[in-house]
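Notes to accompany the following structure.
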Amino acid sequence: MSDDILEKVRDSLADLDLENTLRYVEEALNQGVDVVDIIMKGLTEGMKIVGERFEREEYFIAEVVVAAEIFKEVMNMLKPRLSQSNKGLKPIGRVIIGTVYGDIHDIGKNLVAAVLEANNFEVIDLGVDVPPEKFVKAVEEYQPDILGISALLTTTMMNIKNVVEALEREGLRNKVKIIVGGAPVTEEFARSIGADAYAEDAFKTVEVCKRLIEEKRRGSQRKT
Ligand code: B1M
């Protein structure tokens with residue numbers, strides 16, 4: 001039953017049909033489908049299909065932009081439902097997040113930020129196309145526990161290394177844990193550029209960030 005409705009959410013997003021995407025998301029919520037499943041099995045899978053159609057040249061940039069707008073609109077509706085009741089609780093930790101220089105993809109990064117906030121992290125979002133100097137300045141200014149860097153292009157993921165090196169040059173590398181993610185990024189890549197951790201999706205990011213906070217508090221500089 002819930003698979004049925006999630007397929008409808010996925011396909012209506014892939015077909016760029018805002019009205020039906022919203023309708024099926026409402027229906028899924030009414031059926032009691034978990035909001036996490038709506039995001040991961042419905043919307044994210046729909047975006048994957050959009051990417052495949054773009055690769056096969058069935059869709060062009062205009063269609064991809066429309067899909068991104070639909071995703072964002074539905075997320076605006078779902079975001080309040082992600083939040084647990086964190087009011088009055090001390091945040092678990094502070095995370096600065098941004099999409100790396102040269103890259104303007106922000107749907108995944110925004111989702112990671114929303115899920116972290118819903119799980120009681122304080123999140124400072126630097127936006128997209130963020131140069132290394134801006135990451136460095138933000139780390140100096142806000143002294144976060146964790147710096148999160150997102151990259152969606154194979155060409156821009158290499159720019160993450162420049163951020164790690166810039167932090168090293170400024171003597172800030174040991175003050176912050178670095179987590180990286182995004183479609184082309186892997187665990188192996190994360191290690192190779194000297195990041196502390198990798199997470200494959202927004203919900204894994206929460207688990208990994210909790211672990212990084214623990215490690216930081218224990219004063220361990222061991223790489224994960
Ligand atoms: Co572009 N794009 N795009 N695009 N786009 C991809 C990434 C691509 C795979 C499509 C394809 O060809 N199949 C391809 C990259 C190929 C490559 O490098 N290997 C591509 C390309 C080529 C381009 C352009 C170069 C196209 C052009 O102009 N010719 C151009 C580049 C612009 C630039 O950045 N300089 C471009 C532009 C765009 C749009 C602007 C039209 C739009 C972005 C709109 C926006 O973000 N506001 C767009 C979109 C939407 C996509 C696809 C279709 C969907 C991405 C997405 O939002 N997915 C994408 C195809 C695909 O990924 N299959 C594609 C949904 C989102 C929830 O998932 O972002 O993966 P994702 O995030 C996940 C995880 O990756 C992870 O958690 C998230 C949530 O669970 N994660 C993290 C992400 N960041 C994390 C950080 C973490 C931890 C986990 O810690 C910090």
Side-chain angles (χ1 to χ4, degrees), residues 9-10 13-14 16 35-76 78-79 82 93 95-119 121 123-131 135 144-160 163-164 176-187 189-190 193 195-212 224:
V9 171
R10 180 197 67 195
L13 171 59
L16 314 177
V35 68
V36 174
D37 286 339
I38 299 176
I39 294 171
M40 299 308 284
K41 297 184 184 163
L43 299 174
T44 303
E45 288 302 313
M47 268 313 226
K48 270 191 201 151
I49 296 176
V50 171
E52 286 157 13
R53 290 181 183 171
F54 177 70
E55 253 174 75
R56 293 198 297 266
E57 298 188 0
E58 293 163 20
Y59 278 176
F60 297 95
I61 287 291
E63 282 87 357
V64 181
V65 170
V66 172
E69 291 304 319
I70 297 176
F71 195 110
K72 286 187 178 184
E73 184 149 349
V74 179
M75 271 312 294
N76 284 341
L78 292 178
K79 209 174 156 186
L82 269 176
V95 181
I96 288 182
I97 193 165
T99 301
V100 79
Y101 180 66
D103 201 323
I104 60 166
H105 294 85
D106 68 355
I107 294 177
K109 184 261 300 163
N110 293 348
L111 186 52
V112 170
V115 175
L116 282 170
E117 271 174 350
N119 282 276
F121 281 87
V123 179
I124 298 164
D125 188 345
L126 302 181
V128 297
D129 195 14
V130 181
F135 279 115
D145 299 292
I146 298 171
L147 175 63
I149 310 173
S150 179
L152 261 287
L153 299 169
T154 41
T155 44
T156 59
M157 71 187 219
M158 291 316 297
N159 295 345
I160 301 178
V163 181
V164 178
V176 67
K177 294 282 183 184
I178 299 179
I179 178 169
V180 296
V185 177
T186 61
E187 180 94 52
F189 173 78
I193 59 159
D196 296 292
Y198 157 79
E200 69 197 55
D201 65 43
F203 298 91
K204 284 271 163 54
T205 306
V206 174
E207 271 173 45
V208 177
C209 283
K210 284 182 179 165
R211 194 183 77 219
L212 290 175
T224 56

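Numbering of ligands and ligand atoms starts at 1, following listing order. Remember, it's a predicted structure, so these values are computed and weren't measured experimentally.
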Q. Is there at least one protein heavy-atom neighbour under 4.0 Å from atom 24 (C) of ligand 1?
A. no

Has the side chain of [X] got a donor or acceptor atom that lies under 3.5 Å from a matching backbone atom of [Y]?
X      : Y      : value
Thr186 : Phe189 : yes
Asp103 : Leu152 : yes
Tyr101 : Val163 : no
Thr156 : Gly102 : no
Glu117 : Ala114 : no

Give the residue and atom name of whichever protein heavy atom lies nearest to [atom], and the separation in Å to one decimal.
atom                    : answer
atom 85 (C) of ligand 1 : Gly181 C, 3.5 Å
atom 73 (C) of ligand 1 : Gly108 CA, 4.2 Å
atom 34 (O) of ligand 1 : Ile104 N, 2.7 Å
atom 26 (C) of ligand 1 : Ile61 CD1, 3.6 Å
atom 35 (N) of ligand 1 : Gly102 O, 3.0 Å
atom 84 (N) of ligand 1 : Ser150 OG, 2.8 Å
atom 81 (N) of ligand 1 : Gly182 N, 3.5 Å
atom 47 (N) of ligand 1 : Asp106 OD1, 2.7 Å

Which atoms from ligand 1 have a heavy atom of [X] less than 4.0 Å away?
X      : value
Val65  : 41 (C)
Lys72  : 47 (N)
Ile149 : 91 (C)
Ala199 : 88 (C), 89 (C)
Gly148 : 91 (C)
Val112 : 77 (O), 82 (C), 85 (C), 89 (C)

Q) How about atom 1 (Co) of ligand 1, which protein N, O or S atoms come within less than 2.8 Å? A) His105 NE2

Q) Which is closest to atom 75 (O) of ligand 1 by heavy-atom distance: Ala113, Ala183, Ala114, Ala68? A) Ala183

Q) Who's closest to atom 88 (C) of ligand 1 heavy-atom-wise, of Ile39, Val208, Thr205? A)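 Nearest heavy atom to atom 88 (C) of ligand 1 lies in Thr205.
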
Q) Does atom CD of Glu58 have more than 12 heavy-atom neighbours from other groups under 6.0 Å away? A) yes

(Q) Around atom CZ of Phe71, are there more than 12 heavy atoms from other residues, nucleotides or ligands closer than 6.0 Å? (A)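 More than 12 within 6.0 Å, yes.
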
(Q) If you measure every N or O of Asp201 against every N or O of ligand 1, does any of those distances drop under 3.5 Å? (A) no

**Q.** Residue from Thr99, Ile96, Ile97, Val112 passing side-chain contact (heavy atoms from CB on, under 4.5 Å) with Asp125
**A.**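 Testing Asp125 for a side-chain contact (heavy atoms from CB on, under 4.5 Å) against Thr99, Ile96, Ile97, Val112 leaves exactly one candidate, Ile97.
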
